[in-house]
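Notes to accompany the following structure.
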Protein chains: 2
Amino acid sequence: MPASRVTLADVARRAGVSRTTASFVMSDRTDMRISDEARQRVLAVAEELGYRPNLTARGLRTTVTRTIGLISDTIATTQFAGEVIHGALDTALAHDHLLFVVETSDDPAVEQRLIEGMLDRQVDALVYATMYTRVATPPPALDGRRVVLLNSLDETFDGPRVLPDELAGGRNAAAALVRAGHTDGIYSIGGRHLIPATPDGAWAGRLRMQGAEEVLAEAGLELSGTVECAWEAADGYAAVSGLLETGIRPRALICLTDRLTLGVYQALQQAGLRIPEDVSVVSFDDSALASWLRPGLTSVALPHYELGKAAVDLLLNGDQSRAVHRIDMPIRTRQSVAPPAADRS
Amino acid sequence: MPASRVTLADVARRAGVSRTTASFVMSDRTDMRISDEARQRVLAVAEELGYRPNLTARGLRTTVTRTIGLISDTIATTQFAGEVIHGALDTALAHDHLLFVVETSDDPAVEQRLIEGMLDRQVDALVYATMYTRVATPPPALDGRRVVLLNSLDETFDGPRVLPDELAGGRNAAAALVRAGHTDGIYSIGGRHLIPATPDGAWAGRLRMQGAEEVLAEAGLELSGTVECAWEAADGYAAVSGLLETGIRPRALICLTDRLTLGVYQALQQAGLRIPEDVSVVSFDDSALASWLRPGLTSVALPHYELGKAAVDLLLNGDQSRAVHRIDMPIRTRQSVAPPAADRS
DNA sequence: GTGAAAGCGCTAACAC
DNA sequence: GTGTTAGCGCTTTCAC
């Protein structure tokens, strides 16, 4: 016998008050004076009966459902989506909200159906998210709704956006190396992602490299070289193997993703080079992989939890005006960075 | 101006019919005869006005919201949750349902709040999921609700459960090796997870090993040995290093998880052994890692997408009686298994 | 201080 | 074939 069968009217009747009075008590409203005695009685009865307000009924009346929609392009292929959802959910829960979670698979027709489904269920607001940073434009169905963009570079959007602070992330990566005492033989693996498929590079890559180069320059240093390539494991393997074959002996590597670093580790270890004794490695993502690798990989975190959290915070309290909110990319230190050994060349 | 401001009454008025007629047309009901002419008119007006039914209002009246709740213990730490959500969502969408997604972090108080939140919003049914298989018992708040358990070993639950078919999975792993022509030097890395923390091993481990041993026995073969250990990368590294140090030269390895295999790869490659030429490797999980590794790892998939799909299917159409539904664990073939080389001992 | 009554947008008896 | 009417469980104006 579902508990939700207990209605406000039941509570009111049993407490000997009107539904109005019961309603005011249950929603903690003070703009109407209720005798303390009546209030206590209502509360006691509600407790005793296990009364829970029917939020769909309330929503019908008030047009607020305390429910928000989270639209993601993909959720299965990365662990990032899980973190965004987690951050969004924690924050929503803290404000007594719940989340519809939805995945479009980048199919506009699916997206349309899902958005309609959420709108039909009267969501109060929506976060429009992508799992990697790119230009993602919310469809017209979202016009006029309370929306925040997560990870989107869409400059035309007239509302708040949350983005990882990639420039600061790049600075953090280089700073870890500088702090450890590295001065030369520092290479970037992955670089700006300047490959035929993305001739302009990737937004994240450009900013990370800019940040890293700034920090090096401030220390009077510079990169010894950059291998521009895509950011998959195989690319990392090929990049470092290639470097080593030309006789280059790097002392520190800035790798653009953890996946890429997986290949880098294999190439390094295959060449008999030890991490971090012979070469230090910093990476980006701080994915689960970073902790699985041996030695543990020091990595600059993509702050997906915080992105989800910030997006929902903005939806619930924040200013709805056009603005970009940059979220910190903290470095997670493990064992892959060490001071350079005395020169053995 | 939100489109949902168009109401059924608006449509009815504009089409010159009563709300009843409009309602029957919109919900495609045939138990009342409506003139074809009226039906067309209503449909046309609805289309023109962009009418969308308010599902919370409908839910208030009918007590069905076409919304289901997905309760997970964790969603951020693995990519599995994403796959469960994906499977559940696809299936829900196919039936015009939406999903509340919620994460308890194994905190009963949080779980209670979240469940109440979903119940207050009148969800029709719920899936109670854990990300790894274990005994998980739904709290009393769920009593009397339409629920299916995903990944739970709770024998006391009086309803449907969906579980990976680990026994068949174990058979698939061993079969891949037998098919490739392996006859000896086959070792299990990880085994039943017989470590001090889990003296009885793990459910999945026991079944996988049982399945593997069955298949080997059917081929007149047997395992040359098993290294019982936990299922993390470091354990795989230690296990294989240990094996090699004792002079053992395995020809094929059955590793209990992809993470474990990451360590196994490192130990093998560090010892100069090539995969798959010198040693074949099969694993379990088919996580993203399996495709990142070099060579690509042949792995028996944990069918999280299918688990999510099956759970929602059961909720929506299925028989609600006590039953265990076992989901296939197909093997994903990559490059890590090959016929054994001619003996070089 | 409290209650009667109306109505949110919808469905469903029942009457015509 | 179609319309009238009465709610679903809640909030809220307004009168007492």
Side-chain angles (χ1 to χ4, degrees), chain A residues 2-43 45-46 49-67 116 119-124, chain B residues 2-43 45-46 49-67 116 119-124:
Chain A
S4 58
R5 297 272 49 191
V6 176
T7 170
L8 223 212
D10 296 335
V11 173
R13 192 170 327 129
R14 195 108 126 85
V17 299
S18 73
R19 271 147 74 235
T20 311
T21 303
S23 173
F24 272 70
V25 171
M26 292 318 296
S27 33
D28 257 332
R29 289 183 48 172
T30 56
D31 53 331
M32 185 190 186
R33 290 148 311 181
I34 306 259
S35 65
D36 218 57
E37 193 240 347
R39 144 164 280 109
Q40 295 309 332
R41 222 165 13 166
V42 170
L43 257 17
V45 170
L49 263 37
Y51 169 72
R52 303 239 90 220
N54 179 328
L55 260 33
T56 73
R58 177 180 293 177
L60 183 55
R61 191 63 238 256
T62 60
T63 71
V64 354
T65 54
R66 304 187 83 80
T67 298
E116 283 174 350
L119 260 22
D120 293 349
R121 288 168 182 80
Q122 312 299 119
V123 295
D124 298 333
Chain B
S4 57
R5 297 275 49 189
V6 176
T7 170
L8 223 210
D10 296 336
V11 174
R13 191 169 330 130
R14 196 108 127 88
V17 300
S18 73
R19 271 146 71 233
T20 310
T21 304
S23 173
F24 272 70
V25 170
M26 292 317 297
S27 30
D28 255 332
R29 291 183 46 174
T30 56
D31 52 332
M32 184 190 188
R33 288 148 312 178
I34 306 259
S35 66
D36 218 56
E37 193 241 347
R39 141 165 282 108
Q40 295 309 334
R41 221 165 13 163
V42 170
L43 256 18
V45 170
L49 263 37
Y51 169 72
R52 302 240 90 218
N54 178 329
L55 260 32
T56 75
R58 179 181 291 176
L60 183 56
R61 190 65 239 251
T62 60
T63 71
V64 351
T65 54
R66 303 188 84 80
T67 298
E116 282 174 351
L119 260 22
D120 294 349
R121 289 168 181 80
Q122 312 300 118
V123 294
D124 297 334

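We name chains A, B, ... by the order of the sequence lines, and we start the count at 1 in each one. Note that this is a predicted model, so its numbers are computed, not measured.
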Quick one: label A/Arg39 by what it contacts on the DNA or RNA (base, sugar-phosphate, nothing), any heavy atom closer than 4.0 Å. nothing
Side-chain N or O of B/Ser23 closer than 4.0 Å to phosphate OP1/OP2 of C/dT11: yes
Whole-Å distance between D/dC8 C1' and B/Arg121 CZ? 19 Å
Atom-pair distance (CZ on B/Arg19; C1' on D/dA6), nearest Å: 10 Å
Out of D/dT2, C/dG9, D/dG3, which nucleotide sits closest to the side chain of B/Val17? D/dG3
Does C/dC8 have OP1 or OP2 under 4.0 Å away from a side-chain N or O of A/Thr62? no
Give the rounded distance in Å between these two atoms: CZ of B/Phe24 and C1' of D/dT4. 13 Å
Considering just the side-chain nitrogens and oxygens of A/Ser35, establish if one lies under 4.0 Å of OP1 or OP2 belonging to C/dT2. yes
Atom CG of A/Leu49 and atom P of D/dG9 are separated, to the nearest Å, by 14 Å
Any chance the side chains of B/Ser23 and B/Thr20 put a donor and an acceptor closer than 3.5 Å? no
Considering just the side-chain nitrogens and oxygens of A/Thr21, establish if one lies under 4.0 Å of OP1 or OP2 belonging to C/dG3. yes
Between CG of B/Asp10 and P of C/dG9 the distance, given in whole Å, is 8 Å
Using OP1 and OP2 only, check whether a side-chain N or O of A/Ser18 sits under 4.0 Å from C/dA4. no
Rounded to the nearest Å, what distance is computed from the CD1 atom of residue A/Ile34 to the P atom of nucleotide C/dT2? 6 Å
Whole Å only: how far is the CG atom of A/Asn54 from the C1' atom of D/dG9? 6 Å
Starting at the 5' end of DNA chain D and moving along, which residue's nearest nucleotide shows up first, B/Asp36 or B/Arg61? B/Asp36
May I have the distance from A/Tyr51 (atom OH) to D/dG9 (atom P), rounded to whole angstrom? 10 Å
Ignoring the backbone of B/Leu60, work out which of C/dT2, D/dG1, D/dG9 is nearest its side chain. D/dG9
For the CZ atom on B/Arg14, are there more than 12 heavy atoms of other groups (residues, nucleotides or ligands in this structure) within a distance under 6.0 Å? no
Could you please spell out the steps behind the side-chain contact (heavy atoms from CB on, under 4.5 Å) verdict for B/Leu119 and A/Arg52? CA-CA 9 Å; B/Leu119 260 22; A/Arg52 303 239 90 220; over 6 Å; no
So, B/Arg121 versus A/Thr67: side-chain donor-acceptor pair below 3.5 Å or not? yes
Where the side chain of A/Thr20 is defined as all heavy atoms beyond and including C-beta, which of C/dC10, D/dT13, D/dG1 is the nearest nucleotide? D/dT13
Check: A/Thr21 main-chain N/O paired with A/Ser18 side-chain donor or acceptor under 3.5 Å: yes
